[in-house]
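All chains are named by letter (A, B, ...) in the order of the sequence lines, taking the proteins before the strands, and each is independently numbered beginning at 1.
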Number of protein chains: 2
Amino acid sequence: MRADAERNRMRVLRAAEELFAAKGAPNVTMEDISRAAGVGRGTLYRRYPDRASIAVALLDEHERALQERLLRGDPPLGPGAPPGERLAAFYAAMVRLLEDHSHLVLGAETGRSRFETGAYGFWRAHVRALLTAAAHPAPDALVEPLLAPLAPDVYAYQRDDRGLTPAQITTALAHLARRVTG
Amino acid sequence: MRADAERNRMRVLRAAEELFAAKGAPNVTMEDISRAAGVGRGTLYRRYPDRASIAVALLDEHERALQERLLRGDPPLGPGAPPGERLAAFYAAMVRLLEDHSHLVLGAETGRSRFETGAYGFWRAHVRALLTAAAHPAPDALVEPLLAPLAPDVYAYQRDDRGLTPAQITTALAHLARRVTG
DNA sequence: CGATAAGTGGACGTTGTGTCCACTTATGTT
DNA sequence: AACATAAGTGGACACAACGTCCACTTATCG
């Protein structure tokens, strides 16, 4: 990797982050980003084939931090607590993540492409492991239903259209977590 | 409404249904539909501003039939059964609906527009009523999490990518329904 | 049989996409 | 220090789909 390529990569990400926050991800065109980054269209497309891949790249570091805490952090998020509590803590952390980066996450994951990100695979494996630990008969069929409430559009709908607070959403999900692993 | 307008409306719906089934909803353009229906672009746009509204119209009758059964049908789908069982039956019926019309429903509900359809409002009210009947403390915050697994893209992912059968999905959702209302 | 309002259709301008290729520049080799 | 070369760059371009607009047609009613 050439040094200027790396520099441009950073400029693209920084510009995209700013634009997403300012205008909302769906309203930002690839041209907007390339212009704001001071980079040509071709250069932009070289690394990021579409808007989603940019948003994914932006979210990556935040998600990685949470993944680390899930694997090695303190209970109840990390290992040690009972499955239901860990699931509730996971929900709470995800709500926090969605809240902090809603504008990113919203434009990022359009339709089924959401499931194909590395992060989704990680959440999936985590929840599946918790269900298994709770001795659930069919963890595979319950994983997606339990992750579905964390879909960005569901979250945004609850928050913006139904007027729910993050705290209310967290409480409800904690309730769900305990019930389902109980 | 003029007779020819009604005739064209039918032709558009029939053409769209065929195209959606044949090529998958996202790959069908408005032009495709208008040409297949033997109708001009302007005529198409007059009644249906976008692809989603066409798919919604197509789904409407099927959804209405289910709505009728929820309100006045036999238990456990209709009134009479305990809330947990009614919720499980509702899930089963929705899985059936998704299974039968997946190609329609998939292109129909892109992102947040899903929540704005009349049908979603109906499902929402129904589930909320069941939660209330089950004496839940905060039904409003649990409705969306319980409906989220029925999002078309979640269902399609479970079925096509995870290889789950409709029966497995139904079983898992029944389990969820009983746990959460228990 | 007009009058007229509703309905029709396709041409058109606009916007965003993604590709392509001639040019530039960092890097390491002699 | 000059050169070779492969990686990187940028904007022109062709394309696809969108949604609008308006002159024309036709059903319906008095």
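Using a 4.0 Å cut-off between charged side-chain N and carboxylate O, B:Asp32 and B:Lys23 make a salt bridge.
Comparing B:Gly40 and A:Asp50 by the nucleotide of DNA chain C whose heavy atom lies nearest to each, the residue mapping closer to the 5' end is B:Gly40. Checking B:Thr43 against A:Thr43, the closest nucleotide of DNA chain D that is more toward the 5' end is the one next to A:Thr43. Of the two residues near DNA chain C, A:Arg46 and A:Glu31, the one whose nearest nucleotide lies more 5' is A:Glu31.
The OH-P distance, from A:Tyr48 to C:dG18, rounds to 16 Å in whole Å. Regarding A:Met30, its CE atom lies at a distance of 19 Å from the P atom of D:dA16, rounded to whole Å. The nearest whole Å value for the distance from the CZ atom in B:Arg11 to the C1' atom in C:dG9 is 12 Å. Here the C1' atom of nucleotide D:dG10 and the CZ atom of A:Arg47 are 15 Å apart, to the nearest Å. For the pair B:Ile33 CD1 and C:dG9 P, the computed distance is 15 Å after rounding to whole Å. Rounded to an integer number of Å, the gap from CD of B:Glu6 to P of C:dA6 is 17 Å. Distance CG (B:Asp32) to P (D:dA16): 12 Å, rounded to an integer number of Å. The separation between B:Arg7 atom CZ and C:dT8 atom C1' is 10 Å, rounded to whole Å.
At a cut-off of 3.5 Å, with distance as the only test, no side-chain donor of B:Glu63 or B:Tyr120 sits close to an acceptor on the other residue. No side-chain donor from either of B:Tyr155 and A:Glu144 sits under 3.5 Å from a side-chain acceptor of the other.
Counting heavy-atom neighbours within 6.0 Å of B:Arg7 CZ, excluding the residue itself, gives a total above 12.
Checking D:dA27, C:dG10, D:dG10 against every side-chain atom of B:Arg41, the shortest atom distance belongs to C:dG10. Nearest nucleotide to the side chain of B:Tyr45, out of D:dC18, C:dT8, D:dT9: D:dC18.
Hydrophobic cluster membership is shared by A:Val127 and A:Leu71, with clusters built from Ile, Leu, Val, Met, Phe, Trp and Tyr side chains linked at under 4.5 angstrom.
Within the nucleic acid shown, A:Asn8 comes within 4.0 Å of sugar-phosphate atoms alone, with no base atom in reach, counting heavy atoms only.
For the pair B:Arg51 and D:dC18, the criterion of a side-chain N or O lying under 4.0 Å from OP1 or OP2 is met.
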